[in-house]
Amino acid sequence: MLADKTVILGITGSIAAYKAADLASKLTQAGARVEVVMTKSATRFITPLTFRSLTGRRPVDMFDPDSELGIGHITLAEAADIVVIAPATANIIAKLAAGISDDTLTCTVLATRAPTIIAPAMHDSMFHNPITQDNLTKLKARGFTIVGPEQGRLASGDVGMGRLATTEKIINIISNLLERNGDLASKHIVVTAGGTQEPIDPVRYIGNRASGKMGYALAKAARDRGAEVKLITAPTPLPEPVGIEAIHIRTAAQMKQAVAEAVIGADALIMAAAVADYQPKSTAKAKIKKTSPTLALELVRTPDILTEVTGNFLKVGFAAESHDVITNAREKLEKKHLDLIVANDITDRDSGFGSDTNKVTIIDKQGNIDSLPLLTKREVADKILDRVVELLAKR
Ligand code: CTP
């Protein structure tokens, strides 16, 4: 699994930096090409020469005019199959959470599309500080994998949560991610996201509170697992993900058209979008003035995209419910001829609109019900994709 893979090993300034030598050595022995990137403070704990000797490659420094890599961090970011930061200090975690890029390591992480693992090591009190915890939550929500830290004796002599995860554990996670990374390779996945907007007049529309976060997380997770992804998105403030073809639409009718075109040759359609069920019967050409004390809008049904779309691909729907969640979701699964439905209770505060977390139940055609715990939307996305991979393999 590790043979011929390019692993970027980021090392930051923690006393646990010496343990990165063991990791670099084992990864190299397993056949990986290990490119080490050290922060300045890491070099005060352990020398670049150690890693050069262990990996046979000179640690990369983007400010090195003699580097064979050209623009070091970009070349590295593109070559990476995986990035691992071990040990990761509270400082690097804070910088990544804030999007700061001021050295080779932070620039590489910001520029890469490869999955990134963070293995924190620090004093227990720094790890449990709410600032560090918030930063880790942010990174998790963005798709980073956090490994450890573990409980044990710390450099200060105290016992607590802060020890770098073991080399074995880190290598296991790397292998899992590399393996999983490819399980959607060459598959075409269409994802819809966000809430459609149905215009009333040139200024106003009927919208809903969908944030697009679940759909974007699905699109990115599918991309990271090797899929060719088309993301059909209603307006959201989220940044357009790299490596994904984004198709911007506004209304349910436009989404229907975009979906019909995108599903040609697709392996799966995942409808995470909150599609308006009704649209104004007509859109006023000019802004409606407040001339009368009341105003009635006549609404007509929008097309049901999932029900109407046809083709030989997996169909995954969502069911946003406020009551009788499972019963209603099962009905939708049948009515819309879905392979899977992902149900969530929108009255649950942690899984509501705009939240970074979600608590869902995945139901399949056979009636299997899998109730997941509260997870980040990225984690939920990977759970859904695990099922998609499973179902695609059976076809
Ligand atoms: N959906 C769709 N087209 C619509 C409405 C919904 O394709 N016009 C899709 C959604 O993207 C979602 C699934 O159908 O994957 C269920 O959406 P939901 O809003 O929960 O259900 P509805 O079918 O709209 O039923 P209701 O609003 O009555 O619960």
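Remember, it's 1-based here, ligands and their atoms both numbered in the order they're listed. Throughout, numbering of the chain's residues begins at 1 and tracks the sequence.
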Give a yes or no on whether a salt bridge exists between [X] and [Y], defined as a side-chain N under 4.0 angstrom from a carboxylate O.
{"X": "Asp4", "Y": "Arg33", "result": "no"}
{"X": "Glu78", "Y": "Arg113", "result": "no"}
{"X": "Lys287", "Y": "Asp201", "result": "no"}
{"X": "Asp22", "Y": "Lys26", "result": "yes"}

* Any chance the side chains of Asn129 and Thr132 put a donor and an acceptor closer than 3.5 Å? -> no
* Those residues that, when tested against Phe45, pass side chain to side chain contact (heavy atoms under 4.5 Å, CB included) (two or more places apart) -> Ile15, Ala17
List, pair by pair, the atoms of ligand 1 and of the protein that are both N or O and lie under 3.5 Å apart, giving the separation rounded to 0.1 Å.
from, atom 1, to, atom 2, distance (Å)
ligand 1, 3 (N), Ile305, N, 3.0
ligand 1, 7 (O), Ile305, N, 3.4
ligand 1, 7 (O), Leu306, N, 2.9
ligand 1, 8 (N), Pro303, O, 2.9
ligand 1, 11 (O), Met271, O, 3.4
ligand 1, 11 (O), Ala273, O, 2.8
ligand 1, 14 (O), Lys336, NZ, 2.8
ligand 1, 15 (O), Met271, O, 2.8
ligand 1, 15 (O), Phe318, N, 2.8
ligand 1, 15 (O), Phe318, O, 3.4
ligand 1, 20 (O), Ala320, N, 3.3
ligand 1, 20 (O), Lys332, NZ, 2.7
ligand 1, 21 (O), Lys332, NZ, 3.0
ligand 1, 23 (O), Lys336, NZ, 2.5
ligand 1, 24 (O), Asp277, OD1, 2.9
ligand 1, 24 (O), Asp277, OD2, 3.2
ligand 1, 27 (O), Asp277, OD2, 2.9
ligand 1, 29 (O), Lys332, NZ, 2.9

